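The structure appears below as structure tokens.
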Amino acid sequence: MSDPIPFRPYAAGTQPSLDSPDYLGTRKRHPRHSLHKLPHTITETIGPAFSPALFPPMADMTTIDGRRALGERIIVAGRITDEDGRPVPNTMVEIWQANATGRYHHPADQHDAPLDPNFSGAGRVFTDADGRYKVLTIRPGAYPWPNHKNAWRPSHIHFSFFGPAFATRLVTQMYFPGDPLLAFDPIYNAVLDQAARQQLVSVFDFDITQPDYALGFRFDVVLRGRGATPMEH
Amino acid sequence: MTAATASQTIGPYWHLIEDKSWADLTRFGAEGERIVLTGAVIDGDGAPFADGCVEIWQADPPASDSFPGFGRSVIDRYGNYHLVTMKPGPVPGRGNAQQAPHIAICILGRGLMHHLVTRAYFDGETLNATDPLLTSIEEPARRATLIARNDAPGVWRLDIRLQGGNETVFLDI
Ligand SMILES: [Fe+2]
């Protein structure tokens, strides 16, 4: 049996270091040993397949039982491709976020900002055959966190992607263009490569914006591509 | 070529997408040898890695309508995770190698800017002695951090130490 085609290593500097000391939470949670190199086997080159039948989509996060959430309604849409620009079809995307006031619908979040009973903050969609996804939600608020004096997270939406393999797993955060808090955020700035950091910032897009209804933001995502086979150059 | 999108921490509020049933990979009716994979995840202070999650993926038995091959367990305030799955069999390695039965593990949580990857092997498997990954780890004590112990019938325990003494071997995949 021929060896599975491995996925390419991450490009240097494009992924944050596990040891990102400005984000205090990393200090006791990053391994001190270097990671042990594992050439990809079938375990890494295939992955779970989620079916919409067993994992039902929730593409509209703006209403609960027909009652509408407060805040600025937005459409977030984009395309998931691999590093060679090929679409990643039929893959599950998990989404979660704070409400318009910057508070998560979770008991652990004690930020003194109002909860919205009509906003749970969780979504799930699947990409189409061309790798495209779309979700309707509310623009999340910024919120304080105890990392340093007067620390505020920029408005962000959490995303989880699976892609075709265990090796393509990605959990990340989407930010909004022009947010003045980005410059001060140790989580965003843990990505040292400027272009890679910029990829995390969505783009305002009139093509996604629906007249008289909601602003649109484009968030395109790139998952790891397969390395060259021995036959290629 | 555009580089793969950067990882960001899953943060403390991924619970919004938590579905406790995902911790049981046999919930769709898989038939065969069920096992529990459990243990504690501990940080560099010896404190529980609370609020995080452990995801598992296994190539064997093959994923199907009755077995997703993927599961996710919360890490509770004591640091414990708990998954129900099927005992994996051996799977092919690279070249002519055979890999010992194993489960791939992904750890996510607050303070992790990128998920950590490791594996659970099973104590007592003959193939452990020739497994390409296990044999590539020279120090026996380091190698042992990947081997789950049989705590009780059908219950396998693997503790995961993120940093410091007895630190788990994490993988660059
Ligand atoms: Fe957040």
Side-chain angles (χ1 to χ4, degrees), chain A residues 1 3 10-11 14-18 20 23 25-26 28-33 35-44 46-50 54 83-85 94 96 104-106 108-109 120-122 124 158 160 166-167 169-173 187-188 190-191 196-197 199-200 221-224, chain B residues 1-17 28 43-45 47 49 51 55 57-59 63 65 68-70 91-97 99 102 104 106 108-117 119 132-133 136-137 142 162-164 167-173:
Chain A
M1 196 179 140
D3 287 340
Y10 295 109
T14 61
Q15 293 292 323
S17 171
L18 288 161
S20 294
Y23 173 18
T26 68
K28 294 294 182 181
R29 294 178 159 200
H30 69 273
R32 294 233 167 87
H33 287 269
L35 303 182
H36 185 90
K37 182 81 191 155
L38 174 66
H40 289 177
T41 70
I42 190 172
T43 305
E44 290 73 38
I46 63 173
F50 298 92
L54 295 178
E83 290 169 294
D84 299 303
E94 297 173 289
W96 69 103
Y104 286 92
H105 193 82
H106 188 270
D109 188 354
S120 79
R124 180 191 296 144
H158 294 265
S160 148
F166 183 66
R169 184 87 178 93
L170 170 67
V171 174
T172 191
Q173 300 179 26
I187 294 179
Y188 172 69
V191 182
R197 215 162 48 231
Q199 262 175 269
L200 299 178
V221 171
V222 180
L223 302 182
R224 292 169 77 182
Chain B
M1 190 196 106
T2 311
T5 301
S7 171
Q8 297 273 275
T9 181
I10 198 170
Y13 298 117
W14 68 272
H15 299 289
L16 295 189
I17 57 159
F28 299 123
D43 73 12
D45 283 331
F49 182 65
D51 318 320
E55 294 181 349
W57 157 250
Q58 54 192 92
D65 285 349
F70 172 88
V91 296
R94 300 182 66 78
N96 295 319
Q99 301 190 81
H102 64 273
C106 183
L108 300 120
R110 186 168 56 79
L112 286 182
M113 282 302 304
H114 194 283
H115 58 272
L116 287 170
V117 172
R119 280 185 176 186
L133 170 59
S136 73
I137 302 167
R142 297 271 292 146
L162 300 183
Q163 185 190 80
E167 184 175 296
T168 293
V169 172
F170 295 105
L171 304 172
D172 175 10
I173 69 161

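A quick note: this is a predicted structure, and the numbers were derived from the prediction, not measured. Just so we're on the same page: letters track the sequence lines, and every chain starts at 1.
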Considering non-hydrogen atoms only, spot the tightest contact between [X] and [Y] and give its length.
X        : Y         : result
Pro48(A) : Phe70(B)  : CB-CB, 3.5 Å
Ile46(A) : Ala59(B)  : CD1-CB, 4.2 Å
Tyr13(B) : Asp109(A) : OH-CA, 3.3 Å

For [X], which atoms come within 4.5 Å of any heavy atom of chain A: side chain, backbone, both, or neither?
X         : value
Asp51(B)  : neither
His114(B) : both
Phe49(B)  : both
Ile137(B) : both
Leu16(B)  : both
Glu55(B)  : side chain

(request) Look only at the side chain of Arg94(B) and the backbone of His40(A), and say whether a donor-acceptor pair between them is shorter than 3.5 Å. (result)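 Checking the backbone N and O of His40(A) against the side chain of Arg94(B), a donor-acceptor pair under 3.5 Å is found.
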(message) Can you tell me if Asp84(A) has over 12 outside heavy atoms packed within less than 6.0 Å of its CG?
(response)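 Counting neighbours around CG of Asp84(A), more than 12 heavy atoms of other residues, nucleotides or ligands fall under 6.0 Å, so yes.
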(request) Look at Asp45(B) together with Lys28(A) and state whether they make a salt bridge at an N to O cut-off of under 4.0 Å. (result)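 Yes, Asp45(B) and Lys28(A) are salt-bridged.
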(message) Tell me every residue that passes ring-ring contact (aromatic ring centres under 6.0 Å, His included) with Trp96(A), counting only those two or more places apart in sequence or in another chain.
(response)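 In terms of ring-ring contact (aromatic ring centres under 6.0 Å, His included), with neighbours along the sequence ignored, Trp96(A) is linked to His158(A).
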Any chance you could measure [X], atom [atom1], to [Y], atom [atom2], to the nearest 0.5 Å?
X         : Y         : atom1 : atom2 : result
Thr26(A)  : Leu112(B) : OG1   : CG    : 9.0 Å
Ile173(B) : Leu35(A)  : CD1   : CG    : 10.5 Å
Asp3(A)   : Asn96(B)  : CG    : CG    : 9.0 Å
His36(A)  : Arg142(B) : NE2   : CZ    : 9.0 Å
Met113(B) : His30(A)  : CE    : NE2   : 13.5 Å
Glu94(A)  : Ile17(B)  : CD    : CD1   : 3.5 Å

(request) Count the heavy-atom pairs under 4.5 Å between each of Ser7(B), Gly69(B), Ala63(B) and chain A, then report the option with the highest count. (result)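 The candidate making the most pairs under 4.5 Å is Ser7(B).
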